[in-house]
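Below you'll find the structure, written out as structure tokens, and then a few comments.
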Amino acid sequence: MRLFQNSDFTSISKIRTWHVISVSFSPDGKTLVSGSRDKTIKLWNVKTGQEIRTLKGHNGPVYSVNFSPDGKTLVSSSDDGTIKLWNVETGEEIRTLKGHDYPVRSVNFSPDGNTLVSGSDDKTIILWDVKTGKKIHTFEEHNGLVRSVNFSPNGETLVSGSWDGTIKLWNVKTGKEIPTFHGFQGHHDRVRSVNFSPDGNTLVSGSDNKTITLWNVETGEEIHTLKRHDGRVRSVNFSPDGKTLVSGSYDKTIKLWNVEKRQEIRTLKGHDGPVRSVNFSPDGKTLVSGSDDKTIKLWDVETGQEIRTLHGHNSRVRSVNFSPDGKTLVSGSWDNTIKLWKVETDSNLLNLDALMGRSCDWVRVYLHNPNSGVREEDRHLCDGIGTKN
């Protein structure tokens, strides 16, 4: 079992008037991108926690940011109704995609990186050609805000979740809705989260009606509805092997489910507020959860035991996730900060927040003090930085 050091590796955003809305790792896990209510996008070096650059161009809060599969391109969507593509290496804007009439809440690349999908408050979904920036198709069948869109693992199918209480499947090649037996209308309330299983054969959805529903992607039939939560289901995700499902709810609990048996495995209790985000580590052995109680918790999937509680945020934690290699954890909060946490055994971690307000000379002396407990690779973090009292 891993040990998690209860230290804040680095808080890399100190915006005090706008909060971070979206964060995402690059495919290689070396870079982090964040989108904020201050209308900017920031790229960060995961190892050092230092800002690489700030991307400006949107005229409204940035709701969604994601890297292309090859990590060379970045996509962002905004309250201003536009989508922007950026060159990660240079930070230059490649192009702006215009087609939505209202805020664009969700945008994602296809697995091959050639296509984009966007979902908007204008109730539409648009497929875009990444190379040309032109529309491929517009879907207008939803009757409510579209808050979640994503591709299946093979890129052939698209799923959308809407506040009209429905989930729809679309054929990417033909641009047509895939006919389903029940029409994916099992929630009758806002759908907050939809995700494909790793093999793409099953779909899971979480809703404000306190339920989680499993769907057969090929037939569109409801497999089973899980009804053990007492509050809105905010986040649902499959384990990497697809055998287990995790859900986080406004009832302050996390539940693990056996997908094959369609049964609850256990309930994880410990948060004192709604659980907004839950995710598995890449090896599937650990869970991370973020809550309105301002904490992040790590859980052992096999036993259900709480491993560690991470403190450091001053407001609700709305997003948590592991890096692709599982060595770093990122959390985003309404306190306007993003925090990176190292996930490793017996490491003495540097808390940069504790050094805030000190001069670089003071920090440099502290880092090189053999009794400070600082890791060897962190001792030179302040080298080359000018003195500032």
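The figures here come from the full heavy-atom set of this structure, side chains too, leaving out hydrogens, waters and symmetry mates. Here the structure is a predicted model, which is why all the values come from computation and not from measurement.
Atom CG in Asp293 sits 8.5 Å away from atom NE2 in His311 (nearest 0.5 Å). Rounding to the nearest 0.5 angstrom, the gap separating the OG atom in Ser148 from the CG atom in Asn195 is 6.5 Å. Distance check: Ile125 CD1 to Trp170 CH2 gives 5.0 Å after rounding to the nearest 0.5 Å. Atom CG of Asn45 and atom CD of Glu51 lie 11.5 Å apart (nearest 0.5 Å).
Taking the centre of each ring, His137 and Phe139 come in below the 6.0 Å mark.
Using a 4.0 Å cut-off between charged nitrogen and carboxylate oxygen, Arg316 and Asp335 do not count as a salt-bridge pair. Taking the charged nitrogens against the carboxylate oxygens, Asp121 and Arg105 do have a contact shorter than 4.0 Å, which makes a salt bridge.
More than 12 heavy atoms of other residues, nucleotides or ligands shown are found within 6.0 angstrom of NZ on Lys84.
Judged by distance alone, with hydrogens and angles left aside, the side-chain atoms of Ser291 form no donor-acceptor pair with the main-chain N or O of Val275 at under 3.5 Å.
Between the side chains of Thr54 and Lys42, at least one donor-acceptor pair of N or O atoms lies under 3.5 Å. Judged purely by distance below 3.5 Å, without hydrogens or angles, the side chains of Thr309 and Lys297 pair a donor atom with an acceptor atom. Looking only at atom types and distance, the side chain of Thr115 has no donor-acceptor partner in the side chain of Trp128 under 3.5 Å away. In this structure, a donor-acceptor pair under 3.5 Å is absent between the side chains of Thr295 and His313.
Remark: of the listed residues Leu310, Val320, Leu287, Leu310 is the sole one forming a side chain to side chain contact (heavy atoms under 4.5 Å, CB included) with Leu298. Of the listed residues (Asn209, Ile212, Thr211), just one forms a side chain to side chain contact (heavy atoms under 4.5 Å, CB included) with His229, and that residue is Ile212.
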Check the pair Trp215 / Ser205 against side chain to side chain donor-acceptor pair (under 3.5 Å), numbers first and verdict last.
CA-CA 8 Å; Trp215 310 87; Ser205 56; 3.0 Å; yes

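Every residue two or more places apart in sequence or in another chain was checked for a ring pair (Phe, Tyr, Trp, His ring centres under 6.0 Å) with His224, and none qualifies.
For the pair Arg262 and Trp257, the NZ or CZ position fails the cation-pi test of under 6.0 Å to the six-membered ring centre and within 45 degrees of the ring normal.
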